[in-house]
Protein chains: 2
Amino acid sequence: MKDQHGTITADDVAALAGVSRWTVNRAFRKDASISAKSREKVMKAAEELSYVPDLLATSLATDRTNLVALLVDDFANPHKLVMMERLTRILRKGGYDTLLVNTSNEEDTSAALLNASQRRVDAAVLIGISFNDQSLETALGAKRVKKLIVFARMSENDNTISICCDDRAAMATLTQHVFSAGYRNPLFIAGPQTQSAHLQRKETFLSLWRHTAGRRPEFATVERYDPKMAYDLVTERFRDVPKSKLPDVLVCENDALAMGAIDAIRYEHGLRVPEDIAVTGFDDVPQASSPHYKLTSYRQPLTDMANALVDILEGKIRSKKLNAFVGNLVIRASA
Amino acid sequence: MKDQHGTITADDVAALAGVSRWTVNRAFRKDASISAKSREKVMKAAEELSYVPDLLATSLATDRTNLVALLVDDFANPHKLVMMERLTRILRKGGYDTLLVNTSNEEDTSAALLNASQRRVDAAVLIGISFNDQSLETALGAKRVKKLIVFARMSENDNTISICCDDRAAMATLTQHVFSAGYRNPLFIAGPQTQSAHLQRKETFLSLWRHTAGRRPEFATVERYDPKMAYDLVTERFRDVPKSKLPDVLVCENDALAMGAIDAIRYEHGLRVPEDIAVTGFDDVPQASSPHYKLTSYRQPLTDMANALVDILEGKIRSKKLNAFVGNLVIRASA
DNA sequence: GAAGATTTTGCACGCGGGGGCAAGAATGAA
DNA sequence: TTCATTCTTGCCCCCGCGTGCAAAATCTTC
């Protein structure tokens, strides 16, 4: 029990249990070949000393850290909170810990990735938006990031794994709902158009609407998924526009934008939602259900997606582009 | 360049640079004694091989991981997103990475702490709420968590470090504002009352108000910092209450509660904010500034607090109870 | 009860790098 | 030029645990 250094190692347990250090370690691995008797002896001694295997040393020896880096750059979007909660919970259940990496400082993305690689993460999961092909290549290049996973977004990059809900199916459902509710003059509000990992929502909506209503709808773009951006956009764009020329529904790429849009419609233009202009969102964040927004939205099957992530980490899924997850439309008063 | 295993180690760089492995490692430490010439040689070779020191091995050898566990259990409060952003950014600047640990599954807190300890985090930072003395003791017991820090909350526990804004000063400012605005019949809405790490806001407000207005105000409590909880509370509590008996201001322990309260006032009782009932919050979350809420709130000096956290990790600050951080009142239309 | 089959255990070595010491090189003083 | 300092560099051993193999222990079978 050489507790001098503060830490108790397998050696200490071995001494107490009267076996060798290796037997102690074996007792802590489920697949090891060890007799029930000695495992019991070891476990008893371990408990007495409150010994736990050191993951640092384990990782070093096995080249497997059970650590996943979660890269987030978009802290203005409340949906990120939901994703983080779900991902951390399910990853933990799968035996993985989560390294939270803030990449909102643009030039830091590459450095952050480098840093994660120095910790030998088993995978880097991107749930942000502003990463470009160069970051991806950097990450996968000489560095030690084993897997690069884009979550809730599609990346065409061959070296990247994507887990994404079926935007086409989702937008089809949404379009259908909007159209049959009688809206005929939509405006699509999209977030930043990134090259390497994008959403299909805008394109899909535009083309679906054209097929359904025979007319290509207008769209507008903001540079961040920030309610304030959508607020300003709607404020500016509708200023001095006669009511008859306004769209009758705003189809927003996600709830963050939709909430900003609703506020602008109400507080800048003095119009009603949905009577004057209806609004739809995407993600179904908690605030969407508040009586203020009552936002019609689309809920992604995050749990399924997170479980797929774990399966990918475990090597149980080899496919690189998973985009068949189907969620469900949550219809509320806003549209 | 034995790239067989995929990783390049200091040995490879040493071979290329024509020095010993130890010289290579020295080149990567700022305080090491090494000649400018050989450092340059090493760096050049390192860049050529795109070598970076392995943090796993470094941590194992130095007993210092530069890793901080962030324990969060309260993902319904949007302020957590703000805190996470700020903390991760500033910790990174200070050379620390962040392990995000989800403790919203109550019984998992202890396990999560254990897990973090297995990774030998330099500190565990609690920004959640539902941890009790037992968790704290468990964490500090035989485990390897070196420092336990309660952030944005006060803990009296001797083994714990607290970094908290001066709730007394904050509430004094807020009380002063509310009183001089002419409100006379406040109701304080508080979150869960935990024993080991609590806020001073309720007690302070109650006592300050009594001194100022001569009357002890009422208060109510919800069991989570969730807008929905406050919504339900306000809905129920004010049901069938004659208007003259209603409070004229709701002083909420934070914005999450305040936002739920505002929605209930408006949508359940058909009353106006602030004309019928005013509302104040705390934290100044991004949504508080939306035209819908225009919430009068108090902004904690999160950056200063995060910097203090880094100083504590670096050992530059030894004090264990830091609670003199003063923020500022953000006055908006809600009160 | 002995020989073979099988399970369990111990051990050398490796994972990638750090602390501290001693030898070697460079610098300064006399 | 010589000797003493100071700076650099190389190296042993250690951090805590896993892998693969060989020795030891246990179990089968006839």
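The chains referred to below are lettered A, B, ... by the order of the sequence lines, with proteins before strands, and numbering in each begins at 1. All values below come from the heavy atoms of this structure, side chains included, with hydrogens, waters and symmetry mates left out.
- A:Asp12 has its CG atom 13 Å from the C1' atom of D:dC15, to the nearest Å.
- For B:Arg29, the salt bridge (charged side-chain N to carboxylate O under 4.0 Å, His left out) criterion is met by no residue, not counting sequence neighbours.
- Between the CZ atom of B:Arg29 and the P atom of C:dG17 there is a distance of 11 Å, given to the nearest Å.
- When the side chain to side chain contact (heavy atoms under 4.5 Å, CB included) test is applied to B:Glu314, the partners found at least two apart in sequence or on another chain are B:Arg64, B:Tyr96, B:Val310, B:Lys316.
- Rounding to whole angstrom units, CG of residue A:Asp63 and P of D:dG16 are separated by 20 Å.
- Under the side chain to side chain donor-acceptor pair (under 3.5 Å) criterion, A:Arg224 pairs with A:Asp226, sequence neighbours left out.
- In this structure B:Arg39 satisfies the salt bridge (charged side-chain N to carboxylate O under 4.0 Å, His left out) test with no other residue, sequence neighbours excluded.
- Look at CG on A:Asp54: it is 7 Å from P on D:dG16, rounded to the nearest Å.
- Each of D:dC15, C:dG17, D:dC17 was ranked by its minimum atom distance to the side chain of A:Asn25; first place goes to D:dC17.
- In this structure, the CG atom of B:Asn66 is 14 Å from the C1' atom of C:dG18, given to the nearest Å.
- Straight-line distance from the CG atom of A:Leu56 to the C1' atom of D:dG18: 14 Å, rounded to whole Å.
- Partners of B:Thr303 under the side chain to side chain donor-acceptor pair (under 3.5 Å) rule, at least two apart in sequence or in another chain, are B:Arg86.
- Between C:dC15 and A:Thr62, no contact under 4.0 Å exists linking OP1 or OP2 to a side-chain N or O.
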Open item on the list: Counting Watson-Crick and G-U wobble pairs with both distances under 3.5 Å, what is the dot-bracket string for DNA chain C, 5' to 3', using [ ] for crossing pairs and | for pairs to another strand?
Closed with: ||||||||||||||||||||||||||||||
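- Residues meeting the side chain to side chain donor-acceptor pair (under 3.5 Å) test with B:Ser38, sequence neighbours left out: B:Ser35.
- A close approach under 4.0 Å does not occur between any side-chain nitrogen or oxygen of A:Thr7 and OP1 or OP2 of D:dC15.
- Taking the charged nitrogens against the carboxylate oxygens, B:Lys44 and B:Glu40 have no contact shorter than 4.0 Å, which rules out a salt bridge.
- Atom NZ in B:Lys30 sits roughly 14 Å away from atom C1' in C:dG18 (whole-Å rounding).
- Nucleotide C:dC15 holds its P atom 19 Å from the CD atom of A:Gln118, rounded to whole Å.
- For B:Phe28, the ring-ring contact (aromatic ring centres under 6.0 Å, His included) criterion is met by B:Tyr51, not counting sequence neighbours.
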- [ ] Assign a letter to each nucleotide of nucleotides 7-14 of chain D from its 5' end: B, base within under 4.0 Å of a protein heavy atom; S, sugar-phosphate only; -, no contact.
- [x] -BBBBB--
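- Summarising the geometry of B:Thr65 relative to B:Ser59, their closest heavy-atom pair is CA-OG, 3.5 Å, with the distance given to 0.1 Å.
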